[in-house]
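Keep in mind that the numbers below use all heavy atoms, side chains included, and drop hydrogens, waters and symmetry copies. Residues take their numbers from the sequence shown, with the count starting at 1.
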Amino acid sequence: MKGFKFRLASLLNLRCSERDAARRGVADATQALGILETQIADKSSELENLKTQRGTYLQGQISVDQLLAQGRHEILVEQEKATLQQQVGQVNVELRKRELILQTADQEVKRIEKLRDRALQTYRDTEQARLQAEMDEVAAVLHQSAEHSLRGT
């Protein structure tokens with residue numbers, strides 16, 4: 001509304017920026033979680049393939065070196081998968097923290113927006129009362145002027 005200036009506008013802008021940053025943080029953590037889950041699925045698939053290969057190695061001629069190498073590789077992949085699962089747990093903790101920060105920031109913005117809306121409504125009510133008083137004064141002057149005209153004639 002023309003003439004209305006919210007005193008806490010800069011604070012509202014700051015809180016909106018903080019809320020947007022918190023949203024980006026939640027999105028980043030969610031994206032990281034998705035990447036980790038994809039990597040875990042890849043490791044699970046790789047382990048499944050290695051176990052299938054091990055079964056084919058056991059048929060026919062057996063190479064001890066090849067079985068040992070594959071066994072070491074399976075252990076390595078299992079360790080990588082366990083590390084990824086541990087990271088998923090850490091990212092979930094971080095995601096919950098970021099969601100809490102986002103919730104708090106969003107509540108803060110809503111509270112300030114409510115203050116702004118109340119201040120705007122107060123301004124509108126005051127402005128409406130001022131305009132009404134002005135109109136009443138103009139009407140009174142016109143009425144008085146009309147009475148003087150009628151008396152004068």
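- One distance of note links CG of Asp106 with CD1 of Ile101; it measures 13.5 Å at 0.5 Å rounding.
- A donor-acceptor pair is defined here as one N or O able to donate and one able to accept, closer than 3.5 Å; such a pair exists between the side chain of Thr104 and the backbone of Leu100.
- Here the closest non-hydrogen pair linking Leu50 and His73 is CD1-CD2, 3.3 Å.
- Note that CE of Met135 and CG of Leu142 are 10.0 Å apart. Values are rounded to the nearest 0.5 Å.
- Connection of Leu36 to Leu47 is not established within any shared hydrophobic cluster, with ILVMFWY side chains joined at heavy-atom distances below 4.5 Å, either directly or through further cluster members.
- Under a hydrophobic clustering in which Ile, Leu, Val, Met, Phe, Trp and Tyr are joined whenever their side-chain heavy atoms come within less than 4.5 Å, directly or via other members, Ile35 and Ile40 fall into different clusters.
- Annotation: side chain of Glu74 is not in contact with side chain of Val77 (no heavy-atom distance under 4.5 Å).
- Hydrophobic clustering (side-chain heavy atoms under 4.5 Å, transitive across Ile, Leu, Val, Met, Phe, Trp, Tyr) keeps Val93 apart from Val26.
- Cluster annotation: Leu102 is connected to Val91 through the hydrophobic network of ILVMFWY side chains, with a link wherever side-chain heavy atoms come within less than 4.5 Å.
- With rounding to the nearest 0.5 Å, the separation of OH in Tyr123 from CZ in Arg130 is 7.5 Å.
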Practice task
Any chance you could lay out the side-chain contact (heavy atoms from CB on, under 4.5 Å) test for Arg111 and Gln107, step after step, and finish with the verdict?
Solution key: CA-CA 6 Å; Arg111 191 166 15 129; Gln107 288 172 347; 6.0 Å; no
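- At least one side-chain heavy atom of Glu46 sits less than 4.5 Å from a side-chain heavy atom of Lys43.
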Practice task
Tell me, with the steps shown, if Asp20 and Arg24 meet salt bridge (Lys or Arg N to Asp or Glu O under 4.0 Å).
Solution key: CA-CA 6 Å; Asp20 294 343; Arg24 285 189 298 275; 5.3 Å; no
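- Formation of a donor-acceptor pair under 3.5 Å by the Thr83 side chain with backbone atoms of Gln79 is found in this model.
- Ionic pairing of Glu113 and Lys110 is not present here: no N-O contact between side-chain nitrogen and carboxylate oxygen is shorter than 4.0 angstrom.
- Atom CZ of Arg7 is surrounded by 12 or fewer heavy atoms from other residues, nucleotides or ligands within 6.0 Å.
- A 6.0 Å sphere centred on CD of Glu137 holds no more than 12 heavy atoms belonging to other residues, nucleotides or ligands.
- Arg15 and Glu18 are joined by a salt bridge, as a carboxylate oxygen and a charged side-chain nitrogen come within less than 4.0 angstrom of each other.
- Side-chain N/O atoms of Asn49 and Gln53 include no donor and acceptor closer than 3.5 Å.
- Closest of all the heavy-atom pairs between Lys51 and Gln70 is N-NE2, 4.4 Å.
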Handout entry: Gln144 vs His148, side-chain hydrogen bond (donor to acceptor under 3.5 Å, both in side chains): CA-CA, chis, key distance, verdict
Key = CA-CA 6 Å; Gln144 197 173 30; His148 268 44; 5.7 Å; no
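- The CD atom of Glu94 lies 10.5 Å from the CG atom of Asp28; values are rounded to the nearest 0.5 Å.
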Exercise for the section: Please test Gln87 against Gln90 for side-chain contact (heavy atoms from CB on, under 4.5 Å), starting from the C-alpha separation and ending with a verdict. Expected result: CA-CA 5 Å; Gln87 289 174 347; Gln90 293 168 344; 4.2 Å; yes
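- Closest of all the heavy-atom pairs between Ile112 and Leu8 is CG2-O, 4.4 Å.
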Handout entry: Verdict with supporting geometry, Lys81 and Glu78, salt bridge (Lys or Arg N to Asp or Glu O under 4.0 Å)
Key = CA-CA 5 Å; Lys81 183 179 173 184; Glu78 286 173 352; over 6 Å; no
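- Here the CG atom belonging to Leu12 is positioned 5.5 Å from the CZ atom belonging to Arg116, to the nearest 0.5 angstrom.
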Practice task
Kindly determine whether Asp117 and Gln121 satisfy side-chain hydrogen bond (donor to acceptor under 3.5 Å, both in side chains), including the steps that lead there.
Solution key: CA-CA 6 Å; Asp117 293 346; Gln121 189 60 46; over 6 Å; no
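- With rounding to the nearest 0.5 Å, the separation of CD in Glu99 from CG in Asn92 is 9.0 Å.
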